[in-house]
Amino acid sequence: MTYLAKPKLHHPALPTNKLGYTRRDYEGAVSTLCAGCGHDSISAAIVQACFELDIEPHRVAKLSGIGCSSKTPTYFLGNSHGFNSVHGRMPSVLTGANLANRELIYLGVSGDGDSASIGFGQFAHSIRRGVNMVYIVENNGVYGLTKGQFSATADRGSKNKRGAMNSDEPIDMVGTALLMGASLVARGFSGDKAQLVPLVKAAILHRGSAFIDVISPCVAFNNHPGSTRSYDYVREHNEAVNFLDVMIGREPITAQYGPGELREVVQHDGSVLRLRKLHEDYEPGNRITAMNYLQEHAAKGEIVTGLLYVDPDPKDLHAHLDTVDTPLNALGERELVPGADALERVNATLR
């Protein structure tokens with residue numbers, strides 16, 4: 001019955017946030033994905049994160065490419081801006097939109113087929129440019145729309161539903177994001193909402209390229225014995241780096257904690273990430289440590305989740321280009337056409 005529209009009436013007792021919105025105000029259409037699909041859990045986490053952060057839906061621009069994952073923006077934030085691009089081209093569309101209007105919150109949703117294959121170059125360039133965005137890859141290791149072929153992130157030695165084994169080395173999206181300079185890198189699991197919601201909140205509050213790789217099992221084609229993207233496999237091999245909470249810097253908050261129990265990372269906008277460590281020797285502010293940690297645990301067959309790296313003083317694309325504070329789409333003819341003298345001065349710097 002997924003063709004039926006959601007009822008517009010809300011129960012009067014539903015909890016509201018500071019804007020007076022209920023969680024229902026952040027939802028979208030009824031999902032047409034398979035029952036039990038991990039992607040729906042990611043949509044629910046995004047809804048919960050935006051509700052808890054008191055975000056006005058019209059301040060969000062959600063963009064996607066092609067694939068099961070790229071259908072999901074229909075299922076959350078129904079009152080936000082949206083653009084569904086072609087296969088693998090979401091990052092360039094998002095970059096252009098961000099340059100034109102820096103005041104929106106940009107949420108790019110993609111899949112392992114969309115971002116690790118045809119869109120791999122676009123993914124890498126958007127990350128290295130520091131576009132201020134939340135880039136979520138819903139990673140299930142298969143092409144769900146075309147009946148379960150291995151994607152570029154499928155682990156070597158994993159088996160598909162018919163028993164065929166993957167002989168290719170996988171592309172590690174988290175490792176690539178770290179290498180290309182993402183200023184916030186995390187990995188989550190669609191079956192662990194308690195961890196995923198704070199990760200999404202942290203990424204939204206972060207100014208810079210925030211990347212989250214979410215292991216999201218495909219119940220139709222990749223949730224069987226032999227798969228390394230199944231619910232059972234991820235639960236058995238999940239190595240959580242930390243437990244997170246997010247405090248928005250609206251009012252002064254003071255608290256005292258014992259040594260090694262908590263690490264606070266001040267964000268660019270003044271908010272604070274509270275990291276409750278499981279491993280005292282893990283340092284999320286060190287990019288090299290994060291890359292080594294990933295490789296060490298991957299060699300053990302473990303899937304590391306949590307906040308893997310965060311730059312406490314990130315800079316985004318607008319800072320790199322030194323653009324004006326006014327969104328470019330709001331500039332008038334006077335600012336955009338300054339005259340021949342100004343053009344000559346610009347040309348002189350390029351000679």
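For reference, positions follow the sequence shown, starting with 1. Remember, it's a predicted structure, so these values are computed and weren't measured experimentally.
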Next on the checklist: Filter on side-chain hydrogen bond (donor to acceptor under 3.5 Å, both in side chains), then keep only pairs touching residues 176-191, sequence neighbours left out; what's left?
Outcome noted: Asp172-Arg187, Ser183-His206, Arg187-Asp213
Checklist entry - Phe211 vs Tyr135 aromatic rings, parallel, tilted or perpendicular, using cut-offs 30° and 60°? => result tilted
Checklist entry - Any idea how Tyr293 and His297 line up, ring-wise: parallel (<30°), tilted (30 to 60°), or perpendicular (>60°)? => result tilted
Can you find a side-chain donor-acceptor pair between [X] and [Y] that sits under 3.5 Å?
X: Asn79; Y: Tyr21; result: no
X: Tyr233; Y: Ser158; result: no
X: Tyr309; Y: Thr289; result: no

Distance-only criterion, 3.5 Å: show the donor-acceptor pairs between side-chain atoms of residues 321-343 and protein atoms not counting sequence neighbours.
from: Thr323; atom 1: OG1; to: Arg102; atom 2: NH1; distance (Å): 3.3
from: Thr323; atom 1: OG1; to: His318; atom 2: ND1; distance (Å): 2.7
from: Glu335; atom 1: OE1; to: Gly332; atom 2: N; distance (Å): 2.9

Next on the checklist: Using a 3.5 Å distance criterion without hydrogens, assess whether the side chain of Asn139 forms a donor-acceptor pair with backbone atoms of Asp112.
Outcome noted: no
Determine the minimum heavy-atom distance between [X] and [Y], stating which atoms define it.
X: Tyr143; Y: Gly113; value: CE2-CA, 3.6 Å
X: Met291; Y: Leu178; value: CG-CD1, 3.7 Å
X: Thr95; Y: Ser126; value: OG1-CB, 4.2 Å
X: Pro170; Y: Asp155; value: CG-OD1, 3.9 Å
X: Phe123; Y: Pro91; value: N-CG, 3.9 Å

Checklist entry - Would Ile136 and Ile46 satisfy side chain to side chain contact (heavy atoms under 4.5 Å, CB included), going step by step from the backbone distance to the final call? => result CA-CA 10 Å; Ile136 295 177; Ile46 294 171; 4.0 Å; yes
Checklist entry - After noting the C-alpha distance and the side-chain angles of Val219 and Tyr231, does the key distance pass the side chain to side chain contact (heavy atoms under 4.5 Å, CB included) rule? => result CA-CA 9 Å; Val219 292; Tyr231 281 110; 3.9 Å; yes
Checklist entry - Quick one: side-chain hydrogen bond (donor to acceptor under 3.5 Å, both in side chains) partners of His87, sequence neighbours excluded? => result none
Item to check | CA sep, side-chain torsions, deciding dist, call: Ser216, Glu138, side-chain hydrogen bond (donor to acceptor under 3.5 Å, both in side chains) | outcome: CA-CA 6 Å; Ser216 180; Glu138 301 182 345; 5.5 Å; no
Checklist entry - When you look at Phe150 and Asn160, which way does the side chain to side chain contact (heavy atoms under 4.5 Å, CB included) test go after all the steps? => result CA-CA 7 Å; Phe150 290 118; Asn160 66 15; 3.7 Å; yes
Checklist entry - Checking side chain to side chain contact (heavy atoms under 4.5 Å, CB included) for the pair Leu19/Glu56: CA distance, chi angles, key distance, verdict? => result CA-CA 8 Å; Leu19 298 175; Glu56 296 170 307; 3.7 Å; yes
